[in-house]
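First comes the structure, then the notes that go with it.
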Amino acid sequence: MKIAIIGAGVAGLATAARLASKGHEVHVFEANSYAGGKLSEFSLAVEGEKRQDALRIYRFDAGPSLFTMPQYIEDLFKAADVPINDYFSYSTMPDVCHYFWQDGTALTAWADQDKFAEEVQNKLNIKPLVVKKTLADAKRKYDLTGVIFLENSLHKAKTWLTAKVLKSLILMPTFDIFKTMNATHERLAEGHSKFVQLLNRFATYNGSNPYRASGMLSVIPHFEHGIGCFYPVGGMNTITQAVYNLGKTKGVQFHFNALVKEIIVENGQAKGLKVLNQEQRFDRIVSNMDVYFTYKKLLPHEKHPDRTLNQERSTSALIFYWGVKQSFPQLGLHNIFFSDNYKQEFDALERGDVGNDPTIYVNITSKLTPTDAPDACENWFVLINVPHNQGQDWQAITARTRKIVIKKMSKALNIDFQKLIEVEAILDPLSIEAKTASFSGALYGTSSNALMSAFMRHPNFSSSIEGLYFVGGSVHPGGGIPLALLSAKIVDDNFK
Ligand code: FAD
């Protein structure tokens with residue numbers, strides 16, 4: 001078959017590699033001049049320096065910084081029957097994250113559960129059993145539901161007709177689905193506020209609010225504290241490069257600077273694309289474009305699944321990419337500087353605003369890839385959770401938040417931080433939407449705040465237009481690299 005894929009995000013790339021491995025002729029049309037969408041990279045040179053002067057250049061991963069569940073990229077290479085080691089390698093991180101509170105408490109979350117429990121006991125005075133019980137609960141939820149809800153289509157009868165699913169459905173009431181994630185963590189962490197905050201942070205892994213999202217999301221800590229925390233050797237962008245190169249090896253034809261303007265539908269069947277102003281015929285179409293814009297922009301004359309499209313979006317992010325002229329031995333690859341009042345922070349997000357005391361996430365890949373920053377310097381990726389775009393004044397929010405972040409970092413590190421920033425770039429919800437056509441700049445498509453949100457995501461195929469498939473963070477099973485890779489697998493498994 002001759003197949004067109006709209007978008008070279010990680011899900012589009014993975015789908016292309018999978019379908020080409022099955023012998024299909026696959027064409028990927030990407031509006032940008034590069035592959036990867038959100039999962040891409042860029043460099044900043046210090047002003048006045050030549051770009052070629054590697055000594056004064058900072059490299060940044062543009063979007064994702066956390067690499068979890070590497071089994072899904074391994075599975076992709078297995079499906080293509082290509083040894084992954086020729087294309088991609090990753091290391092296992094002993095430290096998951098470095099946490100800092102404003103009262104001076106600092107804690108390293110170790111991947112090793114005994115070591116983590118000991119650290120929590122030493123720093124937060126919490127019994128190791130509480131930590132172990134909490135992580136065991138997350139593992140139990142994952143073991144009973146992960147494969148069903150993540151690795152399969154929820155819209156095919158065969159998913160539901162197995163003994164394993166039946167067992168999960170019977171145990172459903174024990175998964176805290178009717179409680180909030182925060183209430184679940186309060187119970188598991190026996191009310192220890194700092195540990196609850198640490199656990200609640202995992203809601204942001206899919207852009208949700210722990211005070212609204214279901215307790216089922218208390219499964220997320222297991223991804224890092226159970227399965228592990230990993231770092232792609234050379235940075236996150238090597239994931240994109242690996243999957244892109246795999247596609248090329250399998251004969252995928254990539255067309256960059258190729259904006260798709262319309263999906264051609266005839267008699268209820270997807271028949272082709274209008275790329276720029278040229279029509280091209282295909283047997284099947286896979287859209288890796290945000291499902292909202294796929295309907296609104298590429299299928300304006302078809303009936304739209306309005307209920308699905310109008311669901312609440314996930315949060316977005318405000319990112320400061322800073323070249324920092326100093327290195328900080330107390331920091332690691334992942335660092336979190338918590339707000340004093342987490343509930344207030346999320347209340348502000350609910351109002352469409354950014355509070356005055358946001359939690360700050362700092363990712364520094366030069367800790368592991370020293371060539372990402374000049375000697376004795378660091379490449380800081382500083383992320384603040386912000387609401388998706390609803391027409392806010394992002395210039396004003398960015399200016400205000402930038403000042404707050406610099407003040408907080410100066411205090412936390414006891415230094416005039418502003419003086420250390422030698423290069424800067426900024427990404428906000430508007431630029432996220434402009435760069436990747438992600439509706440309202442949401443990082444993870446629709447939010448997981450509603451109880452039934454997992455069931456409300458758009459399926460990986462169209463039930464009204466034959467031959468049209470959907471992959472990526474805005475459709476089932478959801479946002480984030482692992483789930484985007486799984487959407488490609490689900491399309492591959494159900495491709496007709
Ligand atoms: P996208 O990356 O959204 O790419 C879609 C592609 O389609 C784009 O390249 C776009 O140009 C192209 N396109 C759209 N419309 C058209 C058209 N009409 N014609 C041609 N091309 C088109 N995930 C994690 O797992 N870990 C993290 O730490 C993490 N952090 C994140 C931080 C940030 C700042 C962001 C933005 C995202 C983060 N995510 C993270 C989420 C993750 O990046 C996404 O879920 C994932 O990359 C989405 O991939 P995708 O395949 O859906 O497509």
Side-chain angles (χ1 to χ4, degrees), residues 4-16 27-40 60-70 72-73 204-207 220 223-224 229-232 236-237 239-240 243-244 254-263 273-276 285-294 296-299 314-321 333-334 361 363 381-386 388 426-429 431-439 441-445 470-475 477-488:
I5 296 183
I6 307 164
V10 67
L13 294 173
T15 311
H27 293 258
V28 176
F29 297 94
E30 167 54 53
N32 290 324
S33 58
Y34 55 88
K38 299 183 181 84
L39 184 53
S40 52
F60 296 92
D61 284 310
S65 55
L66 284 159
F67 177 47
T68 54
M69 306 218 259
Y72 296 130
I73 187 167
T204 65
Y205 279 35
N206 64 11
I220 303 178
F223 298 166
E224 286 191 324
C229 178
F230 307 93
Y231 177 72
M236 296 297 285
N237 189 55
I239 300 173
T240 289
V243 185
Y244 171 63
F254 288 95
H255 310 271
F256 291 103
N257 300 306
L259 176 72
V260 176
K261 291 196 169 164
E262 192 181 332
I263 296 173
L273 297 181
K274 195 192 260 183
V275 184
L276 298 170
I285 309 287
V286 182
S287 179
N288 176 214
M289 184 186 192
D290 187 312
V291 67
Y292 181 90
F293 282 137
T294 302
K296 300 281 176 186
K297 292 191 175 174
L298 307 189
L299 292 164
S314 81
T315 49
S316 186
L318 178 59
I319 297 151
F320 301 99
Y321 307 92
L333 176 66
H334 304 293
Y361 165 69
N363 172 251
F381 167 105
V382 180
L383 182 148
I384 312 297
N385 294 308
V386 303
H388 59 269
I426 297 174
L427 190 74
D428 68 7
S431 37
I432 292 171
E433 177 170 316
K435 282 184 175 173
T436 59
S438 304
F439 178 43
L443 299 194
Y444 302 98
F470 297 92
V471 291
S474 69
V475 295
I481 299 163
L483 304 196
L485 290 172
L486 279 175
S487 69

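We use all heavy atoms of the structure for the numbers below, so side chains are in, but hydrogens, waters and symmetry mates are not. We number each residue from 1, following the sequence as shown. As the structure lists them, so they are numbered: ligands from 1, and atoms in each ligand from 1. Fair warning: this is a prediction, and the values are worked out from it, not measured in the lab.
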Centroid-centroid distance, Y321 to F60, less than 6.0 Å: yes

Which ligand 1 atoms are under 4.0 Å away from a heavy-atom of N32? 9 (O), 11 (O)

Check: of A62, G9, P64, min heavy-atom distance to atom 27 (C) of ligand 1 comes from P64

Answer with side chain, backbone, both or neither: which part of F67 has a heavy atom less than 4.0 angstrom from an atom of ligand 1? neither

Test side chain to side chain contact (heavy atoms under 4.5 Å, CB included) applied to M236 and I481, step by step: CA-CA 10 Å; M236 296 297 285; I481 299 163; 3.5 Å; yes

Among all protein non-hydrogen atoms, which one is nearest to atom 5 (C) of ligand 1, and what is the separation to 0.1 Å? N288 O, 3.7 Å

Would one find an N or O of G472, backbone or side chain, under 3.5 Å from an N or O of ligand 1? no

Under a 3.5 Å threshold, yes or no: a donor from one side chain and an acceptor from the other, between Y361 and S65? yes

Looking only at protein heavy atoms, what sits closest to atom 18 (N) of ligand 1 is V260 O, 3.0 Å

Looking only at protein heavy atoms, which one is nearest to atom 9 (O) of ligand 1, and how far off is it? E30 OE1, 2.7 Å

Is there a heavy atom of P482 sitting under 4.0 angstrom from any atom of ligand 1? yes

Polar proximity ligand 1 side, I319 side, N/O cut 3.5 Å exclusive: no

Can you tell me which residue and heavy atom of the protein come closest to atom 52 (O) of ligand 1, and the distance to 0.1 Å? G473 N, 2.8 Å

For A35, which part has a heavy atom under 4.0 Å from ligand 1: side chain, backbone, both, or neither? neither

Aromatic ring pairing F293/F439, orientation class (parallel under 30°, perpendicular over 60°, tilted between): perpendicular

Aromatic centroids of F254 and Y244 separated by under 6.0 Å: yes

Taking non-hydrogen atoms only, is A11 closer than 4.0 angstrom to ligand 1 via side chain, backbone, both or neither? both

Measure L427 to ligand 1 on non-hydrogen atoms and call it side chain, backbone, both or neither using the 4.0 Å cut-off. neither

Atom indices of ligand 1 within 4.0 angstrom of G37 heavy atoms, with elements: 2 (O), 4 (O), 8 (C), 9 (O)

Taking the side chain from S431 and the backbone from L427, do they hold a donor-acceptor pair closer than 3.5 Å? no

